[in-house]
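Written below as C-alpha cells is the structure these notes are about.
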Amino acid sequence: MNIGSDAPRVSIVAPCFNEEAVLPEFVRRMAAVCDAAAPGDYEIVLVNDGSRDRTWSCIRAMVSARPRIVGLNLSRHHGHQLAVTAGLARARGERVLVIDADLQDPPELLGPLMARMDEGHDVVYARRRRRVSERPLKRATSWLYYRLLRTLTEVDIPHDTGDFRLMSRRIVERLNAMPEQDRFLRGMVAWLGGAQSELAYDREPRFAGKTGYTFAKMVRLAVAGVTSFSTLPLRLAGAMAAAGALGAVALTVYVIVGFLAGRAAPGWTSLALIVIFFSTVQLACLGILGAYVGRIFLQVKGRPLYLIDEIVTSNVSGEAAGADGSAPRLEALLGGR
C-alpha cells in the first residue's frame with residue numbers, strides 16, 4: 001500500500017486468536033511502550049483471526065476507547081501467518097513490529113529494537129535466548145528443527161526465532177509483494193536480504209489463556225518452511241528411488257545366480273523384506289512429492305490470501321469509525337459480558 005506523509009513512525013501488527021483474556025493487558029503495555037518510543041506517532045493493528053471468544057468485541061471496544069488502534073476482522077480462521085500478512089498489508093508505519101498478543105514476546109523490547117534499527121538495519125529480529133514455560137521436548141524439537149532447516153534450505157534462516165521482529169517500510173513493501181499462498185514469513189524475510197540483525201531475549205510464559213498453536217499447526221508450519229525454501233527433499237526422493245533401483249538390480253542378479261547354481265530356496269522372509277523395503281521407499285517418495293504438489297495446487301488456484309469482513313479504526317481523539325467511516329455499534333465493553 002502507498003503510505004502518505006501522515007504515516008506513523010511505527011506500526012504494531014498483532015494477530016489475535018482467542019485472546020480475550022490477554023488482549024486488554026497487551027494493548028495497555030503495548031500502548032505505554034509506544035507512547036515512550038514514538039509519542040503520538042504510532043498505530044496498533046489488531047487482527048482477529050476468526051476467534052471463537054469475545055476477542056473481536058474487545059478489539060471494537062478498545063478502538064472506541066483508545067486512539068491509534070486499528071481492528072481487522074478476518075472472515076474466518078486463516079492461521080497465524082495469513083493473519084500477520086493481513087496486518088502487514090494494512091500497516092502504514094515507517095517501521096513495522098510484528099508481535100503476538102499473548103505477551104510471551106515482551107512489548108518493552110520495542111525500544112531496543114528501534115535503537116538497533118537506528119544503526120542502519122532493515123530488519124531486527126528477536127532471537128529466543130531462553131524459553132521459560134516450554135517443555136523440554138518442545139525446546140528440543142525446536143532446537144533440532146531450526147538447525148535442520150538451516151541445513152536443508154538455500155536461505156540462511158536465523159535459528160531460534162519466530163515472527164517477532166521490527167522491519168523497515170522497504171522490507172514490508174517487498175514482503176507484501178511476494179505472492180506465496182502457503183507462507184513462511186520468517187523465511188521470506190530472510191530471503192529478502194538487506195541488513196539484518198538479531199536481538200536476544202528471554203521468552204516469558206503466556207499472560208493468560210491457552211495457546212492456539214497446536215502441535216498439528218507447528219508441523220504444518222515446519223513442512224511449509226522446508227518446502228518453501230528447499231528442493232533438497234525432492235532430490236532426496238530421487239536418490240531413494242535410485243537406491244531402490246540399484247537394490248532391485250542386485251536382488252535380480254542374486255536370484256538369477258542362485259537359480260543357475262541350484263541354490264534357489266523359497267522363503268517368505270526374504271520376500272517380505274523386499275516388499276517392505278520397496279514399499280517404504282515408494283511411500284516416502286510419494287509423501288515428499290505430495291507436499292510439493294499440494295503447494296503448487298494452492299498457488300495455481302490464485303485465491304485471495306485472506307478475506308476481511310470488517311475494519312474499525314479510531315481517530316486521534318479516540319472516536320471509532322467503521323470500514324465505511326461510520327461509527328461502529330459496540331456490542332460489549334471491556335471487562336463486561
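The structure presented is a predicted model; accordingly, all values stated were derived computationally and were not measured.
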**Request:** Compare all side-chain heavy atoms of Leu46 with those of Ile69 and state whether any distance is below 4.5 angstrom.
**Result:** yes
**Message:** I'd like to know if the side chain of Asn48 pairs up with that of Asn73 as donor and acceptor (distance under 3.5 Å, no hydrogens or angles considered).
**Reply:** yes
**Request:** Please confirm whether the backbone N or O of Gly194 pairs with a side-chain atom of Arg170, one donor and one acceptor, at under 3.5 Å?
**Result:** no
**Request:** Using distance alone, with no hydrogens and no angle criterion, decide if Thr85 and Arg183 have a side-chain donor and acceptor under 3.5 Å apart.
**Result:** yes
**Prompt:** Which atoms form the tightest heavy-atom contact between Pro112 and Leu199, and what is the distance?
**Reply:** CB-CD2, 3.7 Å
**Prompt:** Quick one: does Leu88's side chain get under 4.5 Å of Val98's, heavy atoms only?
**Reply:** yes
**Request:** Starting from the C-alpha separation in whole Å, work towards a yes-or-no answer on side-chain contact (heavy atoms from CB on, under 4.5 Å) for Met62 and Leu23.
**Result:** CA-CA 10 Å; Met62 283 184 285; Leu23 199 53; 3.4 Å; yes
**Prompt:** Heavy atoms, side chains only, cut-off 4.5 Å: are Asp100 and Phe26 in contact?
**Reply:** no
**Request:** Could you tell me whether the side chain of Met114 reaches within less than 4.5 Å of the side chain of Arg95, counting heavy atoms only?
**Result:** yes
**Request:** First locate atom SG of Cys34, then atom CZ of Arg29, and finally report the distance between them rounded to the nearest 0.5 Å.
**Result:** 12.5 Å
**Prompt:** Any chance the side chains of Tyr125 and Asp163 put a donor and an acceptor closer than 3.5 Å?
**Reply:** no
**Message:** Once rounded to the nearest 0.5 Å, what's the spacing between atom CZ of Arg174 and atom CH2 of Trp191?
**Reply:** 9.5 Å
**Request:** Might you point out which heavy atoms bring Leu185 and Gln81 nearest each other, and give the distance in Å?
**Result:** N-OE1, 2.8 Å
**Prompt:** Does Gln196 reach the side chain of Val189, with side-chain heavy atoms less than 4.5 Å apart?
**Reply:** yes
**Complete:** Between the CD atom in Glu19 and the CG atom in Leu103, the distance rounded to the nearest 0.5 Å is 8.5 Å
**Request:** State whether the side chain of Ser64 and the backbone N or O of Ala61 hold a donor-acceptor pair below 3.5 Å, judged by distance alone.
**Result:** no
**Message:** If the threshold is 4.0 Å, N to carboxylate O, is there a salt bridge linking Arg169 and Glu94?
**Reply:** no
**Request:** Kindly compute the distance separating CD (Glu20) from CG (Asp53), expressed to the nearest 0.5 Å.
**Result:** 4.5 Å
**Complete:** Nearest heavy-atom approach of Phe164 to Leu109 is CE2-CD2, 3.7 Å
**Item:** Nearest non-hydrogen partners of Arg68 and Tyr42, listed with the distance
**Value:** CD-O, 3.0 Å
**Item:** Side-chain heavy atoms of Leu72 within contact of Glu310, under 4.5 Å
**Value:** no
**Item:** Euclidean distance, Arg165 CZ relative to Ser197 OG, rounded to 0.5 Å
**Value:** 11.5 Å
**Asked** Are any of the side-chain heavy atoms of Val84 and Val47 separated by less than 4.5 Å?
**Response** no
**Asked** Only one of His78, His80, His77, Arg76 clears side chain to side chain donor-acceptor pair (under 3.5 Å) with Asp49; which?
**Response** His77
**Fill in**
Here the gap from Asn176 atom CG to Ile171 atom CD1, rounded to the nearest 0.5 Å, amounts to 11.0 Å
**Request:** Of all the heavy-atom pairs spanning Met178 and Leu192, show the shortest one and how long it is.
**Result:** SD-CD2, 3.9 Å
**Request:** List the steps, then state whether side-chain contact (heavy atoms from CB on, under 4.5 Å) holds for Asp122 with Met167.
**Result:** CA-CA 6 Å; Asp122 294 302; Met167 297 177 287; over 6 Å; no
**Item:** Shared hydrophobic cluster, Val45 / Leu307 (ILVMFWY, side-chain heavy atoms < 4.5 Å)
**Value:** no
**Asked** Quick one: which of Leu166, Asp105, Ile44, Leu113 gives a side-chain contact (heavy atoms from CB on, under 4.5 Å) with Ile99?
**Response** Asp105
**Prompt:** Does the side chain of Val124 reach to within under 4.5 Å of the side chain of Glu119, using non-hydrogen atoms?
**Reply:** no
**Message:** Apply side-chain contact (heavy atoms from CB on, under 4.5 Å) to residues Arg66 and Arg28 and explain how you reach the verdict.
**Reply:** CA-CA 10 Å; Arg66 288 180 175 269; Arg28 184 192 68 79; 4.0 Å; yes
**Item:** Arg129 versus Ala200, closest heavy-atom pair with distance
**Value:** NH1-CB, 3.9 Å
**Message:** Less than 3.5 Å apart, any donor N or O on the side chain of Ser11 or Glu43 sitting next to an acceptor on the other?
**Reply:** yes
**Basic-acidic side-chain contact under 4.0 Å: Glu198, Arg116** = no
